[in-house]
Amino acid sequence: MQGKLIVFEGVEGSGKTTQMLLSRDWLLERMEKSASFSEMAITREPGGTELGKALRRLLLEGTLTHPIQDRTELLLYAADRSQHVEEVLKPTLAAGGIILCDRYTDSTIAYQGYGRGLSLSLIEKICQMATDGLESDLTLWLDVDVEIGLARAKARGSADRMEQADLAFHQRVQQGFRALAAAYPQRIVRVDASGTEVEVQGQIQAILTQRFREWSVEN
Ligand code: Z5A
């Protein structure tokens, strides 16, 4: 089977990271039983490379004295992505690996487009440049009420620069994910992320089982 890029998306506290790690464990078990893919990589944006880690600190820690301008923020996420695509994503896919990635281009459309209000067509062009056209094979959108997600994130500890944005911002971001899922029903699959971790993982395993079946027939 050819390499595949599987992305986890959603608002803060939707459970992306938790579900990505549970999915990794489940897929690794599967990998032992079948040789359908060669390796698995776990990664994230921002922060999937050495440069990306430095950009992540600048973007999220809120330690700069002057605020990051919206277009600057967009370009910093794009710089992180461009490096990530070349250094991690393309080589892993070329080797036939499966990549589980915490956030990718849909986050830019949802946060910088719907959230900050930057032009969607400008974002599309910048994403195209940063990814060199590399799209996800499957995006799992973990859909949970913004209030529930923020409460989960808050219970976990101190909020980063983006989490501190107001509720209306996060609601616009959620609207962005909803619009994207409606526009790309084959690539983006909605997961009801309001249940327990086990319930959410059950839905994800069913989606992944179906997709792996389709992918193995294609090859
Ligand atoms: N960003 C952007 O603006 N533009 C871009 O292009 C990109 C990113 C790529 C960093 O993302 C920030 O970057 C993000 C968007 C912006 N803004 N913010 N804020 P991140 O993914 O690193 O950070 P995050 O979105 O804040 O993730 P998170 O808060 O870590 O949430 P999560 O990964 O979705 O959830 P989690 O860590 O798995 O779970 C959060 C807590 O909830 C934790 O205590 C869990 O134990 C708990 N949890 C998880 N699942 C459940 C269920 N089912 N029930 C109850 N509790 C649960």
Side-chain angles (χ1 to χ4, degrees), residues 5 7-25 42-49 52-53 55-62 68-85 88-89 100-118 120 122-124 126-131 136 139-167 169-174 176-177 180 191-204:
L5 173 58
V7 175
F8 292 73
E9 291 279 14
V11 294
E12 284 60 55
S14 54
K16 295 173 286 87
T17 313
T18 304
Q19 292 303 328
M20 193 173 76
L21 296 177
L22 290 171
S23 303
R24 175 200 57 190
D25 296 346
I42 286 272
T43 188
R44 70 173 173 182
E45 290 191 0
T49 62
K53 286 188 180 75
L55 292 172
R56 184 182 175 91
R57 283 196 293 276
L58 284 175
L59 280 160
L60 299 177
E61 283 182 3
I68 300 175
Q69 298 301 315
D70 291 352
R71 272 177 293 127
T72 313
E73 182 185 74
L74 169 63
L75 291 169
L76 288 173
Y77 280 113
D80 165 76
R81 180 160 305 133
S82 166
Q83 187 72 17
H84 191 217
V85 165
V88 178
L89 304 188
L100 303 185
C101 185
D102 200 335
R103 298 195 183 280
Y104 194 53
T105 50
D106 296 313
S107 276
T108 316
I109 296 167
Y111 282 85
Q112 280 64 54
Y114 283 79
R116 302 282 190 227
L118 292 178
L120 295 179
L122 171 72
I123 293 176
E124 239 169 68
I126 288 174
C127 281
Q128 170 68 30
M129 189 185 87
T131 61
S136 72
T139 294
L140 296 160
W141 168 41
L142 273 65
D143 182 14
V144 74
D145 279 351
V146 169
E147 287 93 335
I148 296 176
L150 287 173
R152 284 180 189 168
K154 205 170 166 191
R156 188 195 40 193
S158 64
D160 67 28
R161 192 178 67 86
M162 305 283 289
E163 282 167 2
Q164 284 163 7
D166 62 26
L167 186 61
F169 171 83
H170 291 287
Q171 278 163 343
R172 289 196 300 279
V173 170
Q174 176 74 323
F177 283 123
L180 283 161
V191 175
D192 177 356
S194 61
T196 64
E197 290 178 12
V198 172
E199 285 166 351
V200 178
Q201 179 59 198
Q203 292 176 63
I204 291 177

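First listed ligand is number 1; within each ligand, the first listed atom is number 1.
- The T108 neighbourhood of ligand 1 comprises atoms 5 (C), 6 (O), with distances under 4.0 Å to a heavy atom of that residue.
- For ligand 1, one of its N or O atoms has an N or O atom of G15 under 3.5 Å away.
- Among residues two or more places apart in sequence or in another chain, the salt bridge (Lys or Arg N to Asp or Glu O under 4.0 Å) test is passed with D80 by none.
- Close N/O approach between R103 and ligand 1 is found [any backbone or side-chain N/O within under 3.5 Å].
- Between the choices E45, M20, E73, the shortest heavy-atom distance to atom 9 (C) of ligand 1 belongs to E45.
- Taking the six-membered ring where the residue is Trp, F169 and Y111 present tilted rings, their angle falling between 30° and 60°.
- Heavy atoms from both the backbone and the side chain of E197 come within less than 4.0 Å of ligand 1.
- Checked by atom type, the side-chain pair Q19/E197 shows no donor-acceptor distance below 3.5 Å.
- By heavy-atom distance, the residue among E9, E12, Q201 lying nearest atom 14 (C) of ligand 1 is E12.
- Rounded to the nearest 0.5 angstrom, T139 OG1 and L180 CG are separated by 9.0 Å.
- Using a 4.0 angstrom heavy-atom cutoff, G195 counts as in contact with ligand 1.
- Set against the non-hydrogen atoms of S14, the atoms of ligand 1 under 4.0 Å away are 34 (O).
- In terms of polar-atom proximity, defined here as any N/O pair under 3.5 Å, K16 does make such a contact with ligand 1.
- Closest approach of C101 and H84 over heavy atoms only: SG-CE1, 3.9 Å.
- Closest non-hydrogen pair, G115 versus V173, comes out as CA-CG2, 4.0 Å.
- Contacts of L142 with ligand 1, taken as heavy-atom pairs under 4.0 Å, are absent altogether.
- Considering backbone and side-chain N/O of R56, one or more are found under 3.5 Å from N/O of ligand 1.
- Below 3.5 Å of separation, one finds an N or O of G13 facing an N or O of ligand 1.
- Considering all non-hydrogen atoms of both residues, R71 and L118 come closest at CG-CD2, 4.0 Å.
- If you look at Q112 next to ligand 1, the close heavy atoms, those under 4.0 Å, all belong to the side chain.
- Looking at D102 against ligand 1, only its side chain comes within 4.0 Å, counting heavy atoms.
- Looking at F8, Y104, Y77, it is Y77 that brings a heavy atom closest to atom 5 (C) of ligand 1.
- Residue contacts with ligand 1 include R81, since one or more of its heavy atoms lies under 4.0 Å from the ligand.
- Shown here for L120 and I109, the closest heavy-atom pair between the two residues is CD2-CG2, 4.0 Å.
- Of the inter-residue distances, the one linking T131 atom OG1 with L89 atom CG reads 10.0 Å to the nearest 0.5 angstrom.
- Legend: residues meeting side-chain contact (heavy atoms from CB on, under 4.5 Å) with D143, ordered by chain and number and at least two apart, are W141, Q174, R190.
- For ligand 1, none of its N or O atoms has an N or O atom of Y111 under 3.5 Å away.
- Between the side chains of R103 and Y77, not a single donor N or O lies within less than 3.5 Å of an accepting N or O.
- When L76, L60, V198 are ranked by how near their heavy atoms come to atom 10 (C) of ligand 1, first place goes to L60.
- The CZ atom of R152 sits 7.5 Å away from atom OG of S14, with the distance rounded to the nearest 0.5 Å.
- Residue-to-ligand polar distances place T18 within reach of ligand 1: an N/O pair is separated by less than 3.5 Å.
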